[in-house]
S.K.: 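One structure follows; several queries about it will come next.
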Amino acid sequence: MKQRVSALLRDKFNYDVALEKPKDRSFGHFATPIAFSLAKELRKSPMIIAQEIATSFGEESTFSAVESVGGYINFRLSEHFLDEYASWALDHPLQFGQNTKQGRVLLEFVSANPTGPLHIGHARGAVYGDTLLRLGRHLGYDITAEYYVNDAGNQIDLLGVSLQLEGRSTLLGESVEWPEKYYRGEYLSDLARDVVEQFGAEALRDESRQKELALWAKDKILALIVEDLKGINVHFNTFVGEASLYEQWDRVMAKMGEGVYLNEAKTFIRSSDHGDDHDRVVVRDDGRPTYLAGDIIYHNQKFERDYDHYINIWGADHHGYIARVKAAVSFLGYDPKKLEVQLSQMVSLLKDGEPFKMSKRSGTVIQMGDVVEEIGSDALRFMFASKKCDTALEFDIEELKKQDSSNPIYYVQYAHARIQTLLAKSELTHEQIMATQLYDLSADADGLLFEALLLPEVIEDAYESRQVQKVPDYLKALSARLHKFYYDTRIIGTEDEAKLLKLLLVVALSIKTGLSLMGIDAKDRM
RNA sequence: GCGUUCGUAGCUCAAUUGGAUAGAGUAACGGACUUCGGAUCCGUAGGUUAUAGGUUCGAACCCUAUCGGGCGCACCA
């Protein structure tokens with residue numbers, strides 16, 4: 001909708017005109033402050049310029065009015081334009097909000113270590129990433145969702161040790177000596193039980209089998225993670241394992257050329273050339289690669305697959321890491337600007353004002369699966385997607401369980417369900433409803449229609465600015481308008497019934513589309 | 001200490017990315033037709049946008065300083 005208006009203005013003025021929505025809808029549908037920026041150039045007051053521009057619009061089918069107010073130029077769309085657009089959307093519900101964006105994008109997110117189930121912090125990244133994915137795809141981008149599996153290094157060794165100790169301690173009743181760092185949790189005793197079943201109890205005591213058990217457990221845990229993600233409608237296209245990358249190490253090292261150097265038998269990367277505090281070790285003096293080494297090969301592999309853009313969603317605790325990975329990308333001969341890192345901040349969970357702990361055994365870890373079980377995927381997704389991901393988030397789990405307006409997902413779902421109820425109640429057929437035109441609407445109805453038709457702009461804005469919270473914000477605002485309209489306006493049995501139902505169909509379409517882009521199904525009944 | 005990021009109503013968050021009178025929800029209080037779902041709606045109250053300067057037609061947003069919180073500052077991932 002906005003695209004058509006700005007294209008029209010571009011034709012008229014020969015350059016892009018900034019279109020905004022006016023603070024007060026009574027001013028019109030769109031507004032532009034362009035007269036302010038022209039004022040200096042033309043050496044005239046913004047008011048006069050705006051006046052001149054406004055009167056230069058003659059008869060025009062898109063606008064019913066173009067007026068200048070206080071230096072702003074306000075545009076009012078014609079009924080004809082709005083009805084035609086609404087009818088098109090209702091006839092092509094799946095295309096509503098789609099766009100013709102192009103480009104192959106590699107989106108890496110979650111990438112949690114396969115050493116335990118997902119915790120609530122991972123959920124935020126997962127929801128954010130998946131929402132971005134759905135928005136981008138709807139706009140036309142060709143996006144691959146990828147999960148990087150850290151299946152190498154210390155943590156895998158630690159997993160093997162933890163698994164054996166856990167089994168010997170809880171299953172075999174042995175008293176064991178726990179190391180300083182180890183993993184714990186119910187999932188480990190479950191896995192230990194499987195070990196006994198599949199390999200026999202001896203496998204728990206045989207230290208030489210630690211690695212084998214760790215790799216076996218890693219796959220089982222990854223499967224758990226995939227299940228968890230499925231529970232919140234998050235799906236990945238590709239999984240890339242860290243361990244599988246190291247065979248490319250020599251080749252990638254050579255490609256880095258001057259970017260790496262040897263010192264005291266260790267290999268460093270010159271990341272300080274690219275804004276890092278100091279150079280980083282990539283291979284230790286005993287020959288073992290560091291974590292960064294894996295990431296260097298991984299990013300080389302990403303760029304060799306040749307996407308137009310790369311987005312990584314990382315936890316905020318990794319922000320110090322951005323400089324070195326970008327440095328590596330530069331040394332590898334690629335444009336680091338193509339690599340975009342979005343950070344998702346930490347999440348802390350409260351229950352009745354107290355830190356919420358899921359299990360005595362797992363200490364402070366709050367598992368995502370448990371939260372989903374408690375509040376449901378829809379509420380979790382809506383909640384997490386609602387928050388800008390660069391601010392720290394704290395929320396109370398009891399708040400989410402409430403099924404009233406304090407939980408915004410019900411507010412939005414209720415709006416959709418209300419519309420469905422009305423449609424079911426009406427005796428008009430779909431054809432009869434579609435045959436009417438959205439003319440002579442009241443100010444409230446016009447406002448509701450316009451708001452509902454705004455979804456495509458919201459989707460584009462949310463994706464391009466990487467601020468997915470704009471979608472739930474929009475859905476809440478649209479739902480509020482709907483509820484108010486419903487309260488104020490009698491629909492069934494009036495002479496405007498068909499027209500108003502057509503309007504509500506547009507609203508329902510926007511809500512349903514918006515929710516589906518958040519991985520949530522709209523409900524017809526609650 | 002250095003880097004980075006944030007600071008908006010009591011609380012959780014917005015604010016079209018520099019635009020019109022800084023808005024929602026929640027908590028508090030008051031109200032809503034024998035009518036389409038009261039899981040809703042309306043009203044009251046709540047603000048020196050952390051502080052002080054600066055940039056310009058115009059600042060919550062940009063610049064500088066200060067104060068306060070988060071996160072980093074590994075040859076851990």
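Note that these values count all heavy atoms, side chains included, but never hydrogens, waters or copies made by symmetry. The sequence lines fix the lettering, A, B, ..., with proteins before strands; numbering per chain opens at 1.
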S.K.: Taking only the P atom of each, what is the distance from B:C61 to B:U48 in whole angstrom?
M.R.: 16 Å
S.K.: With distance as the sole criterion, do the side chain of A:Asp317 and the base of B:A77 form a donor-acceptor contact below 3.5 Å?
M.R.: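 Under the 3.5 Å cut-off, the side chain and the base do not form any donor-acceptor pair.
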S.K.: Measuring from the side chain of A:His483 (C-beta onward, heavy atoms only), which nucleotide among B:G37, B:C41, B:A77 has the closest atom?
M.R.: B:C41
S.K.: Per the atom types in the model, does the base of B:C71 pair as donor or acceptor with the side chain of A:His319 at under 3.5 Å?
M.R.: yes
S.K.: In whole Å, measure the gap between the P atoms of B:G53 and B:A59 for me.
M.R.: 14 Å
S.K.: Within the pair A:Lys425 and B:G37, is there a side-chain N or O less than 4.0 Å away from OP1 or OP2?
M.R.: yes
S.K.: With heavy atoms under 4.0 Å as the rule, sort A:Asn74 into base, sugar-phosphate or nothing.
M.R.: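 Answer is base: heavy atoms of A:Asn74 come under 4.0 Å of a base.
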S.K.: For atom NZ of A:Lys326, decide whether the heavy atoms of other residues, nucleotides or ligands shown that lie under 6.0 angstrom number more than 12.
M.R.: yes
S.K.: Taking syn as any angle within 90 degrees of 0 and anti as the rest, which one fits B:U66?
M.R.: anti
S.K.: Looking at B:U21, which nucleotide sits across from it as a Watson-Crick or G-U wobble partner, both distances under 3.5 angstrom, or is there none?
M.R.: none
S.K.: For the rings on A:Phe331 and A:His274, is their centre-to-centre separation under 6.0 Å?
M.R.: yes
S.K.: Both distances under 3.5 Å, Watson-Crick or G-U wobble: report the partner of B:U44, or none.
M.R.: B:A28
S.K.: Using 30° and 60° as the class limits, which term best fits the ring planes of A:Phe236 and A:Phe239: parallel, tilted or perpendicular?
M.R.: tilted
S.K.: Please give, in whole Å, the distance from B:C13 P to A:Phe384 CZ?
M.R.: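 My rounded result for the distance is 11 Å.
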S.K.: Looking only at side-chain atoms of A:Lys484, point me to the closest of B:C42, B:A77, B:A32.
M.R.: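 Closest of the options to the side chain of A:Lys484: B:C42.
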S.K.: Is a side-chain N or O of A:Gln413 found less than 3.5 angstrom from the main chain of A:Lys523, in a donor-acceptor match?
M.R.: yes
S.K.: Would you indicate what A:Thr421 reaches in the nucleic acid, counting non-hydrogen atoms under 4.0 angstrom: base, sugar-phosphate, or nothing?
M.R.: base
S.K.: Using atom CZ of A:Arg288 as one end and atom P of B:A74 as the other, report the distance to the nearest whole Å.
M.R.: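 Rounding to the nearest Å, CZ of A:Arg288 and P of B:A74 are 18 Å apart.
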S.K.: Taking any strand in view, what nucleotide pairs with B:G7 in a Watson-Crick or G-U wobble way, both distances under 3.5 Å?
M.R.: B:C67
S.K.: Grab the CZ-C1' distance between A:Arg280 and B:A74 for me, whole Å please.
M.R.: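 That distance rounds to 8 Å.
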S.K.: I'd like to know if A:Lys101 pairs up with A:Glu460 as an ion pair, taking the criterion as any Lys NZ or Arg NE/NH1/NH2 lying under 4.0 Å from an Asp or Glu carboxylate oxygen.
M.R.: yes
S.K.: What is the separation between atom OH on A:Tyr486 and atom P on B:U40, rounded to the nearest whole Å?
M.R.: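 Value for this atom pair: 13 Å.
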S.K.: By nearest nucleotide on RNA chain B, pick out whichever of A:Gly320 and A:Gln155 is the more 5' one.
M.R.: A:Gly320
S.K.: Touch check for A:Ser465, heavy atoms < 4.0 angstrom, all strands: base, sugar-phosphate only, or nothing?
M.R.: base
S.K.: For nucleotides B:G30 and B:C6, find the distance between their P atoms and express it as a whole number of Å.
M.R.: 41 Å
S.K.: Among B:A77, B:C73, B:U40, which is the nearest nucleotide to the side chain of A:Asp277?
M.R.: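 Taking heavy atoms from C-beta onward, the closest nucleotide is B:C73.
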S.K.: Between the side chains of A:Gln155 and A:Asn113, is a donor N or O closer than 3.5 angstrom to an acceptor N or O?
M.R.: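 Yes, a side-chain donor-acceptor pair sits under 3.5 Å.
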S.K.: With rounding to whole Å, what would you report as the distance between B:C62 and B:U17 at their P atoms?
M.R.: 14 Å
S.K.: Please work out if A:Arg490 contacts a base, only the sugar-phosphate, or nothing of the nucleic acid, heavy-atom cut-off 4.0 Å.
M.R.: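 Base: the residue A:Arg490, judged by heavy atoms under 4.0 Å, touches a nucleobase.
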S.K.: Taking the side chain of A:Glu242 as heavy atoms from C-beta outward, which of B:U17, B:A77, B:A39 is closest to it?
M.R.: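 Of all the options, the side chain of A:Glu242 is nearest to B:A77.
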S.K.: Salt-bridged, A:Asp279 to A:Arg270, with N to O below 4.0 Å?
M.R.: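 Answer for the salt bridge query: no.
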S.K.: Determine whether A:Leu262 and A:Val283 make a side-chain contact, defined as any pair of heavy atoms from C-beta on separated by less than 4.5 Å.
M.R.: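 A side-chain contact under 4.5 Å is absent here.
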S.K.: May I have the distance from A:Asp444 (atom CG) to B:C41 (atom C1'), rounded to whole angstrom?
M.R.: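 It works out to 13 Å between those atoms.
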S.K.: Can you tell me which nucleotide in B:U40, B:A39, B:A20 comes closest to the side chain of A:Ala31?
M.R.: B:A20
S.K.: Look through every strand shown and name the nucleotide pairing with B:C73 as Watson-Crick or G-U wobble, where both distances are under 3.5 Å.
M.R.: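 Paired with B:C73, as far as the under-3.5 Å criterion goes, is B:G1.
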S.K.: Taking only N and O in the side chain of A:Arg324, is any of them less than 4.0 Å away from OP1 or OP2 of B:G72?
M.R.: no
S.K.: Provide, to the nearest angstrom, the distance between the CG atom belonging to A:Asp524 and the P atom belonging to B:A39.
M.R.: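 A:Asp524 atom CG is separated from B:A39 atom P by 18 Å.
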S.K.: Tell which nucleotide pairs with B:G38, taking only Watson-Crick or G-U wobble pairs whose two distances are both under 3.5 angstrom.
M.R.: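 Across any shown strand, B:G38 pairs with none.
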S.K.: RNA chain B: A:Asp279 or A:Gly493, which has the more 5' nearest nucleotide?
M.R.: A:Gly493
S.K.: Considering Watson-Crick and G-U wobble pairs with both distances under 3.5 Å, what does B:U49 pair with?
M.R.: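 Check on B:U49: unpaired, no WC or wobble geometry under 3.5 Å.
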S.K.: Check every atom of B:A74, B:A77, B:A15 against the side chain of A:Asn154 and return the nucleotide holding the closest atom.
M.R.: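 The answer is B:A77.
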S.K.: How long is the line joining CG of A:Asp473 and C1' of B:G23, in whole Å?
M.R.: 11 Å
S.K.: Taking donor-acceptor contacts at under 3.5 Å, does the side chain of A:Glu464 reach the base of B:U17?
M.R.: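 No such pair is found, so the answer is no.
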S.K.: Look at the side chain of A:Tyr411 against the base of B:A39 and say whether a donor-acceptor pair falls under 3.5 Å; ignore hydrogens and angles.
M.R.: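 Answer is no: no donor-acceptor pair is held.
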S.K.: Which nucleotide in the list B:A32, B:A77, B:G37 gets nearest to the side chain of A:Leu422?
M.R.: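 Output: B:G37.
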S.K.: Could you tell me how far B:A50 sits from B:A22 if I compare only their P atoms? Round to whole Å.
M.R.: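 Comparing P positions in B:A22 and B:A50 gives a spacing of 15 Å.
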S.K.: If we take the C1' atom in both B:G25 and B:G69, what is their distance in whole Å?
M.R.: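 Taking atom C1' in both B:G25 and B:G69, they lie 24 Å apart.
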S.K.: Rounded to the nearest Å, what distance is computed from the CD atom of residue A:Gln413 to the P atom of nucleotide B:G37?
M.R.: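 Distance, rounded to whole Å: 18 Å.
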S.K.: Should the pair A:Arg481 and A:Phe485 be classed as cation-pi, given the thresholds of under 6.0 Å to the six-membered ring centre and 45° from the axis?
M.R.: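 Judged by the rule (NZ or CZ under 6.0 Å from the ring centre, within 45° of its axis), A:Arg481 is not positioned above A:Phe485.
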S.K.: If you check the A:Ile492 side chain, which of B:A39, B:A15, B:C36 turns out closest?
M.R.: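 The answer is B:C36, which lies nearest to the side chain.
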S.K.: Suppose you measure atom P in B:U56 against the same atom in B:C2; what distance do you get, rounded to whole Å?
M.R.: 31 Å
S.K.: Could you measure between the two P atoms, the one in B:G3 and the one in B:U8, and give it in whole Å?
M.R.: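 It comes out at 24 Å once rounded to the nearest Å.
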